[in-house]
2 protein chains.
Amino acid sequence: MFNHFVKQFPQLQKQLDKYAAYYHRIEVPAKTILLREGEISRRAFIIEQGSLRAWFTNKGKDITFQFFFEKEGVSSIESFRRVKPSLYSIETVEPCVVKYIHKKDADMIMKDLENIPEIREQLNDILLDRQLNYMSHFMSLIRDTPKERYLNLIKEKPQIIKRIPQHYIASYLGITAVSLSRIRNAILK
Amino acid sequence: MFNHFVKQFPQLQKQLDKYAAYYHRIEVPAKTILLREGEISRRAFIIEQGSLRAWFTNKGKDITFQFFFEKEGVSSIESFRRVKPSLYSIETVEPCVVKYIHKKDADMIMKDLENIPEIREQLNDILLDRQLNYMSHFMSLIRDTPKERYLNLIKEKPQIIKRIPQHYIASYLGITAVSLSRIRNAILK
DNA sequence: TGCATTTCTTAACAATTGTTATCGTCTGCC
DNA sequence: GGCAGACGATAACAATTGTTAAGAAATGCA
């Protein structure tokens, strides 16, 4: 909920704005961990300014699997909704201004919103969108080579290329930083 | 909806059973295409017996990205719900007995069910489960080597290893059939 | 400005995977 | 039973990616 598709639904956004008083606003430097892997998420975030990444550790290396930018909502959804330890950390990449809401307030708001059938439908649409989003990522990973995925990223999400350090992008593509550097070199011909 | 998580929700299953009359039952041989890539999905399926795969073509090769077995629900969800051309085909792997429901009937049933808050919550849970499922697949693809993914498949989904031809499994793992054969050989030591 | 840290590139070599082709085995079916 | 097609293993070679290391370039901050 409150995820990065919210911005596509102005009507829903309007509803959420009614609850603006429940949001807290903080400014944090780069590399600030907002949620640590293994902890239970008790806050959901919206980015006002800056960028975040979601990452986890595996065999001593950290692997980034998602990036977030302005106006996007961020939470460890399974941890937030189901009150379980998060499988990953959420950390600022750039210095950020973020707003957050506590779980108890979010739950209350959701109870309100779910009584409005129209809003309910939009929330369902958001859930479906997220699912299709992950599905299409998954399909791309088994279909495309790393070079194709990188070219695709340049076309589809240029802000990632411009604003995110390359070694984070490398793990997002499923390769090493060295390999991504070689791919970039090969693209220049 | 009606997906492979339904079986985890007996109460929901009970509700769906009330509408059993809307389901049609068919027996089809192996390699029968139930939905063709590019077509609009007008039916949702439940497998009574047998196995299915979801696949698409890319550069002349076909890539399988999901398998389904008994009691699981199968549909091209974005095509079925949003009335858009499907991004992939759905095809039997083994000879199957499947039940299906027409979209107009499914829509009607959903309208009924959504009025029951308890059921609504379970449907939401199902959507969230699917999302987490794809997310965890995605994380595994950028985290693990093909060999690790294959070993994981043996442990987590042995029915895939036992019942699905190897070259389908290979594309599901994001590698070629030759490479999977080599990995199997290496595992034997 | 200057320094420490982070980020990126490149090289050399090892390991893995892709490609193409061949061959043996299995399977379903008439 | 016999046949055609599907399936899987293997070989040889090309291409890609991983690993480790070193150094250059960029960045942030005191």
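So that the names make sense, note that chain A is the first sequence line, chain B the second, and so on, each numbered from 1.
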TODO: Please work out which residues in residues 152-172 of chain B have a non-hydrogen atom less than 4.0 Å from an atom of DNA chain D and list them by number.
DONE: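 By residue number: Pro165(B), Gln166(B), His167(B).
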TODO: For the helix from dT1(C)-dA30(D) to dC30(C)-dG1(D), figure out the bend between the end axes, five pairs an end, and round to 10 degrees.
DONE: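 Angle reported: 50°, given to the nearest ten degrees.
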- [ ] With sequence neighbours excluded, give me every ring pair (Phe, Tyr, Trp, His ring centres under 6.0 Å) pair touching residues 94-125 of chain B.
- [x]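 Matches after skipping sequence neighbours: His24(B)-Tyr100(B), His24(B)-His102(B), Tyr100(B)-His102(B).
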Task: Contacts of type side chain to side chain contact (heavy atoms under 4.5 Å, CB included), residue Glu121(B), not counting sequence neighbours - done: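 For Glu121(B), no residue satisfies side chain to side chain contact (heavy atoms under 4.5 Å, CB included) once neighbours in sequence are set aside.
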Enumerate donor-acceptor pairs with a distance under 3.5 Å from any side-chain N or O in residues 46-58 of chain B to protein atoms, sequence neighbours excluded.
unit_1: Glu48(B); atom_1: OE2; unit_2: Arg25(B); atom_2: NE; d: 3.2
unit_1: Glu48(B); atom_1: OE2; unit_2: Arg25(B); atom_2: NH2; d: 3.4
unit_1: Gln49(B); atom_1: NE2; unit_2: Glu70(B); atom_2: OE2; d: 3.1
unit_1: Ser51(B); atom_1: OG; unit_2: Glu94(B); atom_2: OE1; d: 2.8
unit_1: Arg53(B); atom_1: NH1; unit_2: Asp62(B); atom_2: OD1; d: 3.1
unit_1: Arg53(B); atom_1: NH1; unit_2: Thr64(B); atom_2: OG1; d: 2.6
unit_1: Arg53(B); atom_1: NH2; unit_2: Glu91(B); atom_2: OE1; d: 3.4
unit_1: Trp55(B); atom_1: NE1; unit_2: Glu91(B); atom_2: OE1; d: 2.8

Task: nucleotides 10-27 of chain D: protein proximity per nucleotide (B base, S sugar-phosphate only, - neither; heavy atom, under 4.0 Å) - done: BBB----BBBB-------
Open item on the list: Across nucleotides 25-30 of chain C, 5' to 3', mark each nucleotide with B, S or - according to how protein heavy atoms within less than 4.0 Å reach it.
Closed with: ------
Can you name the residues that form a salt bridge (charged side-chain N to carboxylate O under 4.0 Å, His left out) with [X], not counting sequence neighbours?
{"X": "Lys162(B)", "value": "none"}
{"X": "Lys147(B)", "value": "none"}
{"X": "Arg36(B)", "value": "none"}

Task: Below 4.0 Å: OP1/OP2 of dG8(D) and any side-chain N or O of Arg184(B) - done: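 So the side chain of Arg184(B) is outside the cut-off, no N or O lying under 4.0 Å from OP1 or OP2 of dG8(D).
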Open item on the list: Any non-hydrogen side-chain atom of Arg82(B) less than 4.5 Å from a side-chain atom of Asp125(A)?
Closed with: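 Yes, their side chains come closer than 4.5 Å.
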- [ ] Establish, from distance only, whether the side-chain atoms of Ser41(A) and Ser76(A) form a donor-acceptor pair under 3.5 Å.
- [x]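 Not at all, the side chains of Ser41(A) and Ser76(A) share no donor-acceptor pair under 3.5 Å.
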TODO: Under 4.5 Å between side-chain heavy atoms, chaining through other members, with only Ile, Leu, Val, Met, Phe, Trp and Tyr counted: pull out the rest of the cluster around Val83(A), sorted by chain and number.
DONE: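 In the cluster with Val83(A) are Ile40(A).
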Open item on the list: Under 4.0 Å between a side-chain nitrogen and a carboxylate oxygen: does that hold for Lys111(A) and Asp107(A)?
Closed with: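 Salt bridge absent between Lys111(A) and Asp107(A).
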Task: Donor-acceptor contact present, side-chain Thr92(A) to main-chain Pro29(A), <3.5 Å - done: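 Flag set: sc Thr92(A) to bb Pro29(A) pair under 3.5 Å.
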Open item on the list: His137(A): which residues meet the ring pair (Phe, Tyr, Trp, His ring centres under 6.0 Å) condition with it, sequence neighbours left out?
Closed with: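 Listed in chain order: Tyr172(A), Phe138(B).
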